[in-house]
**Q** 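The structure that follows is given in the form of structure tokens.
Values below: all heavy atoms of this structure, side chains included; hydrogens, waters and symmetry mates excluded. One is the number of the first residue; the rest follow in order along the sequence.
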Amino acid sequence: MSGDHQGIGMTSQRTRERLVERLRTKGIRNLAVLEALRNTPRHIFVDEALASRAYEETALPIGHGQTISQPYTVARMTEALLEGGTPESVLEIGTGSGYQCAILAQLVRRVHSVERISALLDQARARFRELGLRNIRLKHSDGGVGLPEYAPYDGILVTAAAEALPQSLLRQLAVGGRLILPVKSNQGQVMLRIIRTEDGFQQQTLESANFVPLVGGMI
């Protein structure tokens with residue numbers, strides 16, 4: 001990434017190092033994922049008034065009823081996506097602040113990301129430009145539909161909780177591809193990994209989750 005985002009005080013490199021150490025203690029093992037989080041200035045993805053809290057292990061509001069996921073969640077979903085091999089092409093549903101997308105862009109060849117809220121998409125686009133991330137393609141679209149024009153994808157990552165498995169996204173997953181998403185359950189939400197095989201789909205429950213709901217429409 002280009003530009004100087006070392007920061008001072010709560011946004012310094014030392015603060016990011018402490019974040020990475022916390023993620024290690026919580027079980028994140030993928031060194032490439034940890035390095036991407038170490039290198040990414042999370043404070044530029046939140047409102048300036050919240051910058052001092054950017055490296056806390058908490059979700060933060062980004063406006064429009066949306067949040068930036070806590071760092072552990074971003075790391076865990078990314079790690080789950082990469083297990084079994086690094087995907088070439090990834091579809092992200094819900095660009096949001098752009099933080100998760102920026103992490104992915106450092107780890108895979110191409111990221112396609114869709115966002116239903118145009119104001120968030122514009123902000124994310126400016127942040128990617130500032131960071132020199134050029135392998136991201138953005139679209140203002142209803143995430144539940146996915147992005148069929150570039151399918152199939154080796155990986156799909158959904159950053160909002162679905163009521164059930166979105167069939168449109170399953171259809172856009174390549175054989176051998178992995179879909180990581182939170183879905184509603186009797187206990188609240190769970191994070192799932194769906195692997196497409198020659199014969200169908202394998203489903204694995206990873207852990208409990210807490211995301212904003214996946215909703216349709218565009219604004």
**Q** Can you pull the salt bridge (charged side-chain N to carboxylate O under 4.0 Å, His left out) pairs that have at least one residue in residues 151-178, sequence neighbours excluded?
**A** E163-K184

**Q** Could you list the residues that satisfy ring-ring contact (aromatic ring centres under 6.0 Å, His included) with Y150, not counting sequence neighbours?
**A** H112

**Q** Which pairs would a plain distance check flag for residues 81-91, meaning a side-chain donor or acceptor within less than 3.5 Å of a matching protein atom at least two apart in sequence or in another chain?
**A**
unit_1: E83; atom_1: OE1; unit_2: R193; atom_2: NH1; d: 2.8
unit_1: E83; atom_1: OE1; unit_2: R193; atom_2: NH2; d: 3.2
unit_1: E88; atom_1: OE1; unit_2: R109; atom_2: NH1; d: 3.2

**Q** Could you grab the distance from atom CE of M77 to atom CG of L206, nearest 0.5 Å is fine?
**A** 9.0 Å

**Q** According to side-chain contact (heavy atoms from CB on, under 4.5 Å), who are the partners of S113, at least two apart in sequence or on a separate chain?
**A**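 By the side-chain contact (heavy atoms from CB on, under 4.5 Å) rule, S113 matches E92, T95, C101, L138.
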
**Q** For E57, give me all partners under salt bridge (charged side-chain N to carboxylate O under 4.0 Å, His left out), at least two apart in sequence or on another chain.
**A** none

**Q** Above 12 or not: heavy atoms from other molecules or residues under 6.0 Å from CZ of R38?
**A** yes

**Q** Supply the atom-to-atom distance L157 CG to I103 CD1, rounded to the nearest 0.5 angstrom.
**A**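 Here the interatomic distance stands at 11.5 Å.
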
**Q** Under the side-chain hydrogen bond (donor to acceptor under 3.5 Å, both in side chains) rule, what pairs show up with a residue in residues 19-33, not counting sequence neighbours?
**A** E21-R24

**Q** Can you name the one residue among L37, L19, L23 that meets side-chain contact (heavy atoms from CB on, under 4.5 Å) with Y72?
**A**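 Of L37, L19, L23, side-chain contact (heavy atoms from CB on, under 4.5 Å) with Y72 is met by L23 alone.
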
**Q** For T67, give me all partners under side-chain contact (heavy atoms from CB on, under 4.5 Å), at least two apart in sequence or on another chain.
**A** A59, V212

**Q** Could you list the residues that satisfy side-chain contact (heavy atoms from CB on, under 4.5 Å) with T58, not counting sequence neighbours?
**A** R53, E56, L60

**Q** Under 3.5 Å, side chain of E17 to main-chain N/O of Q13, donor-acceptor pair present?
**A**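 It does not hold such a pair.
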
**Q** Treating H140 as the side-chain partner and V114 as the backbone partner, does any N or O pair qualify as donor plus acceptor under 3.5 Å?
**A** no

**Q** By salt bridge (charged side-chain N to carboxylate O under 4.0 Å, His left out), which residues pair with E48, not counting sequence neighbours?
**A** none

**Q** Applying side-chain hydrogen bond (donor to acceptor under 3.5 Å, both in side chains), run through S69 and Q100 and close with a yes or a no.
**A** CA-CA 8 Å; S69 293; Q100 171 73 79; over 6 Å; no

**Q** So, using side-chain contact (heavy atoms from CB on, under 4.5 Å) as the criterion, who are the partners of Q123 when residues are at least two apart?
**A**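 side-chain contact (heavy atoms from CB on, under 4.5 Å) check on Q123 returns L120, R127.
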
**Q** Is a side-chain N or O of E79 found less than 3.5 angstrom from the main chain of V33, in a donor-acceptor match?
**A**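 No; judged by distance alone, with no hydrogens or angles, the pair does not exist.
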
**Q** Check whether any side-chain N or O of Q172 sits under 3.5 Å from a backbone N or O of L147 as a donor-acceptor pair, and report yes or no.
**A**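 Yes; at least one donor-acceptor contact below 3.5 Å.
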
**Q** I'd like to check the salt bridge (charged side-chain N to carboxylate O under 4.0 Å, His left out) partners of D142; sequence neighbours left out, ordered by chain and number.
**A**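 Result, salt bridge (charged side-chain N to carboxylate O under 4.0 Å, His left out) vs D142: none returned.
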
**Q** Remaining members of V215's ILVMFWY cluster at a side-chain heavy-atom cut-off under 4.5 Å?
**A**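 So far as hydrophobic clustering goes, V215 is joined with none.
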
**Q** Okay, side chain of R116, backbone of G143: is any donor-acceptor separation there less than 3.5 Å?
**A** no

**Q** Taking the cut-offs as 6.0 angstrom to the six-membered ring centre and 45 degrees off its axis, would you call R18 and Y55 a cation-pi pair?
**A**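 No, R18 does not sit over the ring of Y55.
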
**Q** Please answer whether the main-chain N or O of G144 pairs with a side-chain N or O of S168 as donor and acceptor at a distance below 3.5 Å.
**A**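 The answer is yes, because a donor-acceptor pair under 3.5 Å joins these two groups.
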
**Q** So does I194 get a backbone contact from the side chain of Q203, meaning a donor-acceptor N/O pair under 3.5 Å?
**A** no

